[in-house]
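Below is one structure, written out as structure tokens; comments come after it.
Every chain is numbered from 1 and lettered A, B, ... according to where its sequence line falls, protein lines coming before strand lines. Hydrogens, waters and symmetry mates are skipped; everything else that's a heavy atom, side chains included, is used.
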4 protein chains.
Amino acid sequence: MRVKEGNKEIDIIEAAVKVFAKYGYHNSKISKIAETANVATGSVYVYYKNKEDILLKIFSDLWTKLYDELDLIVSNTSLSSIEKLDAMIDLIFDVFSEEPSLALVFVNEQNHLEQSNKKGFTNYYEKFLDRGEEIIKKGIDEGLISENIDLTIFRNFVFGAIRHLVHCWARDPKTFTINKTRMNVKLFIKHGIAK
Amino acid sequence: MRVKEGNKEIDIIEAAVKVFAKYGYHNSKISKIAETANVATGSVYVYYKNKEDILLKIFSDLWTKLYDELDLIVSNTSLSSIEKLDAMIDLIFDVFSEEPSLALVFVNEQNHLEQSNKKGFTNYYEKFLDRGEEIIKKGIDEGLISENIDLTIFRNFVFGAIRHLVHCWARDPKTFTINKTRMNVKLFIKHGIAK
Amino acid sequence: MRVKEGNKEIDIIEAAVKVFAKYGYHNSKISKIAETANVATGSVYVYYKNKEDILLKIFSDLWTKLYDELDLIVSNTSLSSIEKLDAMIDLIFDVFSEEPSLALVFVNEQNHLEQSNKKGFTNYYEKFLDRGEEIIKKGIDEGLISENIDLTIFRNFVFGAIRHLVHCWARDPKTFTINKTRMNVKLFIKHGIAK
Amino acid sequence: MRVKEGNKEIDIIEAAVKVFAKYGYHNSKISKIAETANVATGSVYVYYKNKEDILLKIFSDLWTKLYDELDLIVSNTSLSSIEKLDAMIDLIFDVFSEEPSLALVFVNEQNHLEQSNKKGFTNYYEKFLDRGEEIIKKGIDEGLISENIDLTIFRNFVFGAIRHLVHCWARDPKTFTINKTRMNVKLFIKHGIAK
DNA sequence: AATGAATGAGATTTCATTCAT
DNA sequence: TATGAATGAAATCTCATTCAT
């Protein structure tokens with residue numbers, strides 16, 4: 001259990017996630033974030049260099065978490081490649097379904113950060129995708145997955161697809177039920193839609 | 001009277017696509033767009049109400065074009081559903097591969113517009129997806145496509161996947177060759193990756 | 001009878017009176033005046049040097065008209081000073097009651113012009129007041145009007161009072177009926193309110 | 001924290017009165033007001049929402065002050081109605097003679113505010129006139145003032161007259177000496193000019 | 001004379017960031 | 001550390017005026 005004991009550094013991040021999710025990065029004011037975090041405007045700059053730095057922290061935390069969890073899956077020797085693939089998809093949906101605001105920020109602002117190409121962010125993001133790619137490679141080696149696919153393309157195909165569906169879910173959770181969505185995704189990825 | 005030489009209305013849009021692609025919508029200054037279009041700053045406002053109006057025009061033009069072309073495909077009675085699906089994928093890649101800047105704007109700013117939810121935009125975008133969905137429905141009826149898929153989820157799955165790959169291509173055309181990319185996409189969508 | 005035969009110079013003035021009355025001088029756009037006059041924007045500048053020039057023309061026309069009519073009254077040897085005073089008051093109310101828009105422009109923008117202190121305007125305005133002052137002087141000489149009044153103060157007292165009442169009337173003609181208003185004004189000026 | 005030295009809120013208002021008086025509301029730039037107040041441009045917006053808000057504050061302060069002082073006069077049981085009327089006239093001249101700039105702003109911009117009809121302003125202005133009207137009503141009841149006058153017209157007659165004279169005084173204090181002016185005004189209002 | 005597209009100077013306003021306390 | 005008043009650079013947008021036709 002996390003106890004809320006006035007950790008401003010964390011409060012600010014949590015507030016920023018909410019505010020960025022609601023208004024978008026560029027329309028979010030530092031003063032609004034500070035207010036949401038119950039902190040003075042100036043205090044934000046005690047913990048973060050500037051506005052972008054906050055976004056950077058959000059994403060690096062996110063990808064670190066995703067990476068660490070993915071690592072457990074990949075390292076788990078009792079799972080087949082296909083099962084790992086499923087587990088990876090579940091992981092992503094699980095992480096975001098806990099925090100819809102984070103999902104929105106992730107979807108809307110990831111491009112922004114990629115453009116400014118900060119280290120510490122790209123690192124973890126790429127590492128995550130690399131780790132996911134290992135699953136597929138293994139699957140190919142084991143003969144479970146087709147050898148005719150381009151791994152780089154595939155991983156971005158999946159990334160884009162899931163990101164957009166997370167977006168859909170965050171905006172309209174009734175239509176895009178987590179379980180229905182993830183089930184379909186697994187199906188599409190593994191078997192496509194052709195009969 | 002002073003008469004139009006050239007076509008400033010179009011020049012401005014083309015300039016805006018370039019500038020938005022390079023700097024992102026929020027970091028693009030009207031003065032930069034005007035400069036790029038060889039036009040005075042004020043002239044931008046002769047043709048467009050404000051900055052967002054320009055973006056709106058870019059997107060509504062884009063989706064109108066995509067819709068019209070998709071319409072031809074869907075109406076073509078000599079194609080099977082699967083062939084139509086392939087043709088739709090080709091269409092998207094074709095449109096963007098002609099204009100990498102437009103591709104970047106499309107990828108980065110679509111969310112922005114969806115949030116402000118302007119008419120004239122959402123209309124065409126949704127209509128395009130609706131039309132694409134018809135292909136799949138037909139395919140299901142014809143027994144070519146699995147009946148176990150959720151159409152709404154599927155269309156967003158594909159939309160997100162392709163959008164991200166277009167992005168990848170625009171940023172790194174060497175790695176994400178148009179042909180290799182579209183080939184893989186068709187494969188993934190139809191057959192998935194499982195053997 | 002004035003025949004409307006496409007005299008742009010006049011059309012523009014009449015349009016300007018309407019537009020200034022509705023939006024105020026500073027919020028009135030030349031393009032709106034042109035539109036109202038059924039004339040192209042550029043044509044306004046064929047007849048008037050700039051925006052202020054239009055206002056100047058409105059006021060100089062107004063004061064010229066008022067002056068000429070007042071001249072007739074003052075020169076009329078068959079009227080007593082008191083009757084002339086009454087006639088002057090009637091004159092002002094008559095002129096404005098014909099054109100409520102003009103009344104509003106008069107009230108709201110006179111100060112603006114006085115500040116920029118253009119000739120051709122101040123001239124007629126001052127001449128009008130001078131001519132009015134003659135009536136009072138004569139009345140004093142004839143023993144009809146108190147000799148204890150400061151003429152300069154009096155003329156501005158009356159000017160300010162009537163101007164404001166014209167304003168009241170233009171904004172709320174039901175409450176400030178022309179006849180009731182002018183009757184009261186005559187009473188106040190001549191006899192004050194004390195019993 | 002950085003703490004208020006001096007009082008910028010008041011400094012800005014005082015600067016605005018000067019600047020509005022000199023250039024008129026529409027020709028006054030925020031940057032000029034800020035400069036005059038020895039404050040950064042942005043600081044103006046810390047205290048006031050926008051330019052009109054500043055004007056609003058000036059007027060509501062003014063009318064509040066006038067109202068409060070008039071209240072004392074009206075409530076003073078040792079004065080006759082006629083004496084109260086005189087005191088009211090004195091009050092107005094006293095308030096403005098302390099601050100010629102304020103007088104000019106009052107005269108030139110009151111209409112502007114009436115048009116945009118903001119609350120907090122109209123309230124106090126109308127309340128002041130209402131309170132003044134009470135004096136007249138009482139005077140009528142006491143038989144000191146003629147019962148043949150329309151109160152609404154009268155109050156606007158006086159308001160317009162005095163406003164314009166305040167204007168004359170502010171622009172040319174030599175000619176329109178406060179004392180001479182107020183003396184004449186009292187005379188005109190009470191006894192008119194007829195012998 | 002008439003047009004209206006084009007101009008560009010300039011003003012308002014915003015808000016990330018600073019810094020004195 | 002914490003504050004929040006103060007800053008001022010920067011960007012959008014307006015519109016009077018111009019001028020090529």
Task: Euclidean distance, atom NZ of residue A:Lys8 to atom C1' of F:dA2 [Å, nearest integer] - done: 7 Å

TODO: Let me know the distance between CD1 of D:Ile54 and P of E:dT12, rounded to the nearest Å.
DONE: 10 Å

TODO: Could you go through the ring pair (Phe, Tyr, Trp, His ring centres under 6.0 Å) check for A:His112 and B:His26 one step at a time?
DONE: CA-CA 10 Å; A:His112 177 259; B:His26 281 101; 8.9 Å; no

Task: Test item: D:Ser43 side-chain N/O and D:Val39 main-chain N/O as donor-acceptor pair under 3.5 Å - done: no

Open item on the list: It should be established whether A:Tyr45 places a side-chain nitrogen or oxygen under 4.0 Å from OP1 or OP2 of nucleotide E:dT17.
Closed with: yes

- [ ] Enter the distance from B:Lys8:NZ to B:Ile13:CD1 here, rounded to the nearest 0.5 Å.
- [x] 15.0 Å

TODO: Return the value, rounded to whole Å, for the distance between atom CG of A:Asp11 and atom P of F:dT1.
DONE: 15 Å

Task: Whole angstrom value for the distance that separates C1' of E:dT12 from CG of D:Leu55 - done: 16 Å

- [ ] Check the angle between the aromatic planes of B:Trp63 and B:Tyr125 and answer parallel, tilted or perpendicular using the 30° and 60° thresholds.
- [x] tilted

Task: Euclidean distance, D:Ile30 CD1 relative to D:Ile54 CD1, rounded to 0.5 Å - done: 4.5 Å

Open item on the list: I need the B:Lys18 NZ to B:Glu99 CD distance, nearest 0.5 Å.
Closed with: 10.0 Å

Task: Where at least one partner belongs to residues 31-57 of chain A, residue pairs that pass ring-ring contact (aromatic ring centres under 6.0 Å, His included), sequence neighbours excluded - done: none

Task: Within 45° cone of C:Tyr23 ring axis and under 6.0 Å: C:Lys32 NZ or CZ - done: no

Open item on the list: Distance check needed: F:dT1 C1' versus A:Asn7 CG, whole Å only.
Closed with: 13 Å

Task: Length of the NZ-C1' vector between A:Lys51 and E:dT14, whole Å - done: 11 Å

TODO: Any chance you could encode DNA chain E as dot-bracket? Rule is Watson-Crick or G-U wobble with both distances under 3.5 Å; [ ] for pairs crossing earlier ones, | for another strand.
DONE: .||||||||||||||||||||

Open item on the list: For E:dG8 and B:Thr41 - does any side-chain N or O of the residue sit under 4.0 Å from the phosphate oxygens OP1/OP2?
Closed with: no

Task: Within residues 26-39 of chain B: residues closer than 4.0 Å to DNA chain F (heavy atoms) - done: B:Ser28, B:Lys29, B:Ile30

Open item on the list: Students often get this wrong, so: under 4.0 angstrom with heavy atoms, is A:Tyr47 touching a base, only sugar-phosphate, or nothing?
Closed with: sugar-phosphate

Task: Distance in angstrom units between A:Glu52 CD and E:dC15 P, rounded - done: 18 Å

- [ ] Using whole Å, report how far OH of A:Tyr23 lies from P of E:dC15.
- [x] 12 Å

Open item on the list: Let me confirm one number: the CD1-CD distance from B:Ile10 to B:Glu14, rounded to the nearest 0.5 Å.
Closed with: 6.5 Å

Open item on the list: Both C:Ala40 and D:Val46 contact DNA chain E. Which one's nearest nucleotide lies toward the 5' end?
Closed with: C:Ala40

Task: B:Asn50 or A:Gly42, whichever maps to the more 5' nucleotide of DNA chain F - done: A:Gly42

